[in-house]
Amino acid sequence: MTTLEQLSAGVDRILPENGLAHKLLQARQENRPLVIKLGFDPTAPDLHLGHAVVLRKLRQFQDAGHRIVIIVGSFTAQIGDPTGKNKSRKPLSKEAVMANAATYIKQLGKVIDPTKCEVRFNDEWLGGLGFNAILELLSKVTVAQLLQRNDFNKRFMANMPIALHELMYPILQGFDSLQIDADIEMGGTDQLFNCTMGRQLQEAHGKAPQVVMCMPLLKGLDGNEKMSKSLNNIIGLTDEPSAMFGKTMSIPDALLPEFIELTTSFTVEEKAQLLQQLTAGNNPMHIKKEVATNIVAQYHDEQSAAAAAAFFATQFQPKNFEEMEFKPVSKQSLLLNATEVALLDLCCALKKDNSKSNLRRLITGGGVYINNEKITDVNKVIGLAAGLKIKIGRLTFIELIS
RNA sequence: GGGCAGGUUCCAGAGUGGCCAAAUGGGGCGGACUGUAAAUCCGCUGUCUUUCGACUUCAGAGGUUCGACUCCUCUCCUGCCCA
């Protein structure tokens with residue numbers, strides 16, 4: 001496989017189409033690495049599999065000897081990439097930005113080599129921009145162009161508010177590209193517009209426009225929306241092996257092809273084979289297990305992956321308490337000064353962040369088991385003996401210890 | 001600046017004086033089913049209370065009323081039209 005083929009594999013869109021080939025050629029002729037830009041907003045430092053799709057591609061560039069520049073949107077974070085969903089954001093403190101950036105970069109290391117990438121904060125150049133410089137920048141972009149952007153367009157059409165500063169976001173992001181002379185900007189397909197802005201500004205300033213490479217957006221656990229922390233449908237890069245495995249198993253079967261393609265480290269042949277098994281009607285569960293194992297192995301290791309698979313098999317496949325694993329919780333930590341207590345109170349003590357009403361519903365709804373027996377009476381008196389096993393909801397398994 | 005229309009629980013969106021903790025749909029959470037998942041069906045979805053019920057909530061503050069999400073006043077916020 002040629003470098004070009006490898007680097008363009010799995011990419012949703014390259015703009016212009018022959019841009020990557022052109023840049024690679026140029027790099028060879030000029031004997032220099034390409035500058036590959038990736039921006040991020042330091043507001044949500046929890047990276048997930050969706051981010052990894054882009055990062056894995058970045059890794060390939062890194063391995064091919066190109067220069068990775070990570071732009072921390074320390075300035076633009078104050079605006080927040082306008083999605084229409086979230087209201088205008090509070091400006092983050094300098095400390096918060098730095099802390100978020102640090103955790104971000106740490107997690108970045110799960111996919112790319114953090115020692116071989118440059119990190120820049122965009123308030124370095126945006127923070128001190130004078131008003132005349134801003135006006136000069138704004139003069140390069142028209143309102144009609146900005147309104148072409150999907151979020152803006154939708155909101156405009158739906159009579160939803162668009163604050164003026166939100167319109168600046170793409171322009172500022174483009175300005176970043178100008179500052180670092182990006183050859184290529186990476187992003188998800190949702191970044192197409194913003195990245196294009198970089199091209200435009202570079203051209204307007206007499207520089208070579210960057211090539212835009214958009215990776216497909218990974219869908220989240222619900223199988224519908226894109227993976228995103230605010231939608232609570234992510235598989236986090238730092239999730240524990242068992243959680244990572246379990247979450248992967250919980251994706252809808254229909255999402256499997258996408259996951260095989262975008263999240264696994266299988267070879268092209270292996271991927272094709274898995275897909276073929278799927279269409280041949282093999283039980284998707286087995287294939288999903290392979291995918292889950294592969295994912296866990298990537299972010300942890302083979303042993304953890306195998307352990308997570310085994311854990312899943314014992315914890316969620318049978319209904320028998322004997323084989324399941326329970327998290328030990330000491331009686332003292334519950335602060336219940338009694339030897340026996342009503343089920344509801346026990347649940348309250350164990351799930352402190354749930355409201356009592358909510359737990360009451362859970363119990364009456366049949367979601368609570370004690371020692372392998374479903375209990376629906378909230379008043380059922382439970383003896384607090386060591387070894388008591390209790391399951392609350394689908395995911396909480398607790399064993400009392402003295 | 002002027003005119004008009006709006007702000008309802010996670011979201012969308014009904015509700016225009018008591019029958020409203022607030023329809024319906026979505027989402028979420030449980031259960032049944034299941035080979036993980038999906039589909040389907042059932043239940044739940046403000047807080048506290050064993051029950052009766054009590055309490056807090058419909059942008060905010062006041063007011064009218066026995067009683068307000070619903071009426072009045074002011075304030076804040078949003079959109080549209082005109083300047």
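By convention in this document, chain letters (A, B, ...) are assigned in the order of the sequence lines, proteins followed by strands, and residues within each chain are numbered from 1.
- Two residues are said to be in side-chain contact when any heavy atoms from C-beta on lie closer than 4.5 Å; A/Q145 and A/Q200 meet this criterion.
- The base of B/U36 has none of its N or O atoms less than 3.5 Å from a complementary donor or acceptor on the side chain of A/K289.
- Judged by distance alone, the side chains of A/N294 and A/S265 do bring a donor and an acceptor atom under 3.5 Å apart.
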Without placing hydrogens or testing angles, list every side-chain donor-acceptor pair under 3.5 Å for residues 244-253 of chain A, not counting sequence neighbours.
| unit_1 | atom_1 | unit_2 | atom_2 | d |
| --- | --- | --- | --- | --- |
| A/K247 | NZ | A/I234 | O | 3.1 |
| A/K247 | NZ | A/D239 | OD2 | 2.8 |
| A/T248 | OG1 | A/M244 | O | 2.7 |
| A/S250 | OG | A/K247 | O | 2.8 |
| A/D253 | OD1 | A/K288 | NZ | 2.9 |

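- Across B/G43 and B/A37, the matching P atoms stand 22 Å from one another, rounded to whole Å.
- Ring centroid separation for the pair A/F316 and A/F312 comes in under the 6.0 Å cut-off.
- As a whole-Å value, the separation of A/L362 CG from B/C29 C1' is 7 Å.
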Please tabulate, for the side chains in residues 302-309 of chain A, all donor-acceptor contacts under 3.5 angstrom to protein atoms that are two or more places apart in sequence or on a different chain.
| unit_1 | atom_1 | unit_2 | atom_2 | d |
| --- | --- | --- | --- | --- |
| A/S304 | OG | A/D301 | OD1 | 2.9 |
| A/S304 | OG | A/D301 | OD2 | 3.2 |

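- One interatomic measurement links the two molecules: CG of A/D222 to C1' of B/C29, which rounds to 15 Å at whole-angstrom precision.
- The nearest whole Å value for the distance from the CG atom in A/N354 to the C1' atom in B/C29 is 10 Å.
- Taking each heavy atom of A/T264 and A/K271 in turn, the nearest pair found is OG1-CE, 3.5 Å.
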Can you give the dot-bracket line for RNA chain B, where a pair is Watson-Crick or G-U wobble with both atom distances under 3.5 Å, crossing pairs use [ ], and | marks a partner on another strand? (((((((..(((.....[.....)))((((((.......))))))(((....)))...(((((..]....)))))))))))).
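- One interatomic measurement links the two molecules: CG of A/N358 to P of B/G46, which rounds to 9 Å at whole-angstrom precision.
- Rounded to whole Å, the C1' atom of B/G46 lies 7 Å from the corresponding atom of B/U57.
- Rounding to whole angstrom units, CG of residue A/N379 and P of B/U51 are separated by 8 Å.
- Taking atom CG of residue A/D345 and atom C1' of nucleotide B/U49, one finds them 12 Å apart after rounding to whole Å.
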